[in-house]
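Sequence lines set the chain letters: A, B, ... in the order given, protein chains first and strands last, and positions in each chain run from 1. Since the model is a prediction, treat every value here as computed from it, not as a measurement.
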Amino acid sequence: MNIDFHSLPADQLVVFDFETTGLSPDMGDRSIEIGAVLIENGKITGRFQQLMNPGVRIPLFIENLTGITNAMIKESRSNTEVMSDFYDFIAGRNLVAHNASFDERFLRAEFRRIKKQCSSGIACSLLAARRIFQNAPNHQLATLAQYKNLPSDGVYHRALADAEVTAHLWLSLLAELREQHEFDELTFGFMHTLTKTPKHQLRQFYAKHKVKSPVI
DNA sequence: TGCCAGGCCCTCTTTAGGGCCTT
């Protein structure tokens, strides 16, 4: 499916994050929490956070990692209900996630179950950070938050908290490009293409867009 | 109960392997 993200609003973006029972929807893993923040004109203006009950048990490892227990989701709404609401929340907006290939797989798998399709572009803050914050110790979300002194309440592995930090990371990446690389046409399309451009072709990419290259 | 995947990227590479990220 070809996504025409250029036709979506340029001043709106949804940054989202899933907590799940494991790493692979193809192996039966399911979403247990979705968190998202809406960014409009560079500011967080909305939030979405819901636990959901997929009807499968949460492994102990995930309970310990996230703090989300089987008891907590027992009384939660079903994935069908929550994902329908989330579909409405993101409709017509482009998306960002940290290591987006992971969250995109779960997003598409959950939407497939409710017979919906994602028509948004999805950009990855992890790939962008690997290109722009090349001197970071590593590119885990928590490390980047500390490295760039991003606003954070210290909670990780909960969907809204991680989405919120990812949103600040995304704004930090845009600020870095504006301030250090003298580039101000930071459309979603530019950032999406930046993250999709293989690293060995980055010099050409920056030259084409007349951006001072952060490549070391 | 314990286990699982996949895309990106580097290099001791491309006829491959392994680390990084996400839960």
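When rounded to the nearest whole Å, the span between CD1 of A:Ile58 and P of B:dT1 equals 15 Å. If you take CZ of A:Phe61 and P of B:dG2, they are 13 Å apart, rounded to a whole angstrom. At whole-Å resolution of the value, CD in A:Gln140 and C1' in B:dG19 are 12 Å apart. The CG-P distance, from A:Leu23 to B:dG7, rounds to 14 Å in whole Å. The CG atom of A:Asp17 sits 16 Å away from the P atom of B:dC21 (whole-angstrom rounding). Between the CZ atom of A:Phe16 and the P atom of B:dT23 there is a distance of 12 Å, rounded to whole Å. One interatomic measurement links the two molecules: CD of A:Glu110 to P of B:dT23, which rounds to 16 Å at whole-angstrom precision. The CG atom of A:Leu141 sits 8 Å away from the P atom of B:dT23 (whole-angstrom rounding).
Across all non-hydrogen atoms, the minimal contact from A:Ser76 to A:Leu51 is OG-CB, 3.5 Å. For the pair A:Ile62 and A:Gly22, the tightest heavy-atom approach, listed with the atom from each and the gap, is CD1-N, 4.4 Å. Closest approach of A:Leu144 and A:Ala136 over heavy atoms only: CD2-CB, 3.8 Å.
The C1' atoms of B:dC12 and B:dG17 are separated by 10 Å, rounded to the nearest whole Å. For the C1' atoms, the distance linking B:dG7 with B:dT23 amounts to 16 Å, nearest Å. Of the P atoms belonging to B:dT13 and B:dG19, the separation is 16 Å, rounded to the nearest Å. The separation of B:dT14 from B:dC9, taken at their C1' atoms, amounts to 14 Å, rounded to a whole angstrom. When the P atom is compared between B:dG18 and B:dC4, the two are found 16 Å apart, to the nearest whole Å.
Nearest nucleotide to the A:Asp26 side chain, out of B:dC21, B:dG6, B:dT23: B:dG6. Listed nucleotides B:dG7, B:dA5, B:dC21 differ in distance to A:Ser101; the shortest reach to its side chain belongs to B:dG7. The listed nucleotides are B:dT23, B:dG6, B:dT22; the one nearest the side chain of A:His98 is B:dT22.
No donor-acceptor distance shorter than 3.5 angstrom exists from the side chain of A:Glu179 to the backbone of A:Glu176, with no hydrogens or angles considered. With hydrogens and angles disregarded, no donor-acceptor distance shorter than 3.5 Å links the side chain of A:Asn94 to the backbone of A:Leu8.
Toward the 5′ end of DNA chain B lies the nearest nucleotide of A:Met27, the other residue of the pair A:Met27 and A:Leu126 mapping further downstream. For the pair A:Gly22 and A:Asp29, nearest-nucleotide mapping onto DNA chain B gives the more 5' position to A:Asp29.
Classified by interplanar angle (parallel below 30°, tilted 30° to 60°, perpendicular above 60°), the ring pair A:Phe18/A:Phe106 is tilted.
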Counting primed atoms, P, OP1 and OP2 as sugar-phosphate and everything else as base, the B/S/- map of nucleotides 9-17 of chain B against protein heavy atoms under 4.0 Å is SS-------

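At least one side-chain nitrogen or oxygen of A:His139 sits closer than 4.0 Å to the OP1 or OP2 atom of B:dC21.
Using a 4.0 Å heavy-atom criterion, one finds that A:Asn64 contacts no nucleic acid atom at all. Using a 4.0 Å heavy-atom distance criterion, A:Phe18 is classed as a sugar-phosphate-only contact.
Under the side chain to side chain contact (heavy atoms under 4.5 Å, CB included) criterion, A:Glu40 pairs with A:Gln12, A:Leu38, A:Thr45, sequence neighbours left out.
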Show me the donor-acceptor pairs within less than 3.5 Å that the side chains of residues 82-91 of chain A make with the rest of the protein, sequence neighbours left out.
{"unit_1": "A:Ser84", "atom_1": "OG", "unit_2": "A:Thr80", "atom_2": "O", "d": "2.8"}
{"unit_1": "A:Asp85", "atom_1": "OD2", "unit_2": "A:Arg77", "atom_2": "NH1", "d": "3.1"}
{"unit_1": "A:Asp85", "atom_1": "OD2", "unit_2": "A:Arg77", "atom_2": "NH2", "d": "2.9"}

